[in-house]
Protein chains: 2
Amino acid sequence: MSRIKETSTNFANRQALADNCSEVYASNILGGQWAIVICSCLATGKLRFGELKRLLPNITERMLSLQLRKLEDHKIISRSVYAEVPPRVEYELTDIGYELVPIIKQLEQWGEMHKQYVKKNDCDNVF
Amino acid sequence: MSRIKETSTNFANRQALADNCSEVYASNILGGQWAIVICSCLATGKLRFGELKRLLPNITERMLSLQLRKLEDHKIISRSVYAEVPPRVEYELTDIGYELVPIIKQLEQWGEMHKQYVKKNDCDNVF
DNA sequence: GGACATACTTACATTTTTTATAGTATCCTA
DNA sequence: TAGGATACTATAAAAAATGTAAGTATGTCC
């Protein structure tokens, strides 16, 4: 995470691809270990930071924080802070974020199919 | 690429997530800079190594090779070698690979929408 | 014999992502 | 005064992904 180096070839390649392939643009946004699961969790409604953390047991607070910020920057989720003590912060999918839900569902179905497929065809690699 | 370290926390996290979230499982397979574009290119039919390379101008041979191998390992594409000189190798989506095409199309549409959305809402980050 | 074409592979370097560990601020309760 | 709850942030290190540059094999053409 942190910040991508704008002089790297990697940056240039992504930029170029994302510009003329919207599917790559999308996958740049949804890529990364946790973005998709977070959206999945939020598909059923708003959640607090701590609730998300509990749903994603292995995530570090740093990662959760980074991913949430990234998704927020991309306007996929919104963040509402309530001035209470202890603080309460709620995350929720935006309109465009909700548009993602059916796609994620399809990806999930494809994943299931694929698991069956490779099981039948004797493949052992997972990643 | 190369090989993921099976003792790392990262490995454990992916494994755990992929096991009970098929959408994450899918995104592990399709993640990476080039996997989705390659599938996009192959959506219209089989292509040779060199043809793919020309379609993806900035890709290095190493990356193309790695990604193709990965997709092949996951049974998303098939590889046919013809015993000619110079050699001819053709890549083609498998059945389950073709199932991906509509999903990629939707991702593309979502990407377009998202681009409009952030343009309207004055967001400047791209990644 | 030497250059050309194709489809790679290998060793190494750099960049990007993810994890580990510890700390911050605030108010409430015991 | 200490400890808990919440939502983070800072810094460093490990791991993974990507890029650079060069090399391999084989037969055909000149």
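Here is how names work: the chains are called A, B, and so on, in the same order as the sequence lines, proteins then strands, and each is numbered from 1. This structure is a prediction, so every number in the text was calculated from the model and none was measured.
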(request) Report, as a single string ordered 5' to 3', how protein heavy atoms within less than 4.0 Å touch nucleotides 20-28 of chain D: B base, S sugar-phosphate only, - not at all. (result) B-----BB-
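Taking only side-chain nitrogens and oxygens, Arg88(B) never comes nearer than 4.0 Å to OP1 or OP2 of dA5(C). The phosphate of dT16(C) has OP1 or OP2 within less than 4.0 Å of a side-chain N or O from Ser8(A). Within the structure, a side-chain polar atom (N or O) of Asn13(B) is placed less than 4.0 Å from OP1 or OP2 of dT19(C). The side chain of Arg48(B) places an N or O atom within less than 4.0 Å of a non-bridging phosphate oxygen (OP1 or OP2) of dA7(C).
Rounded to a whole Å, the CD1 atom of Ile4(B) is 15 Å from the P atom of dT17(C). As rounded to whole Å, 13 Å separates atom C1' of dA7(D) from atom CD of Glu84(A). Taking atom CG of residue Asn10(A) and atom P of nucleotide dA16(D), one finds them 18 Å apart after rounding to whole Å. Protein atom CD of Gln15(B) is 17 Å distant from nucleotide atom C1' of dT18(C), rounded to whole Å. Per the geometry, CG belonging to Leu55(A) stands 13 Å off P belonging to dA7(D), to the nearest Å. Rounded to an integer number of Å, the gap from Phe49(B) CZ to dT6(C) C1' is 9 Å. For the pair Leu47(B) CG and dA7(C) P, the interatomic distance rounds to 11 Å; values are reported in whole Å. Atom C1' of nucleotide dT9(C) and atom CD of Gln67(B) are separated by 16 Å, given to the nearest angstrom.
Pairs passing the side chain to side chain donor-acceptor pair (under 3.5 Å) check and including a residue from residues 36-55 of chain B, sequence neighbours excluded, read Glu23(A)-Ser40(B), Lys53(B)-Glu61(B). Within the structure, salt bridge (charged side-chain N to carboxylate O under 4.0 Å, His left out) pairs that include any residue of residues 24-44 of chain A do not occur (at least two apart or interchain). For residues 98-111 of chain B, the set of pairs meeting the salt bridge (charged side-chain N to carboxylate O under 4.0 Å, His left out) definition, not counting sequence neighbours, is empty.
Looking at heavy-atom distances under 4.0 Å, Tyr91(A) makes contact with sugar-phosphate atoms alone, never a base.
Mapping Lys5(A) and Trp34(A) onto DNA chain C via the closest heavy atom, the residue that lands nearer the 5' end is Lys5(A). Take the nearest nucleotide of DNA chain D for Gly32(B) and for Gly50(A): the residue whose nucleotide is more 5' is Gly50(A).
Take Glu84(B) and apply the salt bridge (charged side-chain N to carboxylate O under 4.0 Å, His left out) test, not counting sequence neighbours, and it matches Arg88(B). With sequence neighbours excluded, the residues satisfying ring-ring contact (aromatic ring centres under 6.0 Å, His included) with Trp110(A) are His114(A).
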(request) Please report the C-alpha distance between Ser22(B) and Glu112(A) in whole Å, then the side-chain angles of each, then the deciding distance to 0.1 Å, and finally whether the side-chain hydrogen bond (donor to acceptor under 3.5 Å, both in side chains) criterion is met. (result) CA-CA 6 Å; Ser22(B) 292; Glu112(A) 292 291 346; 2.7 Å; yes
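For the pair Lys115(A) and Tyr25(B), the cation-pi criterion (under 6.0 Å, within 45° of the ring axis) is fulfilled.
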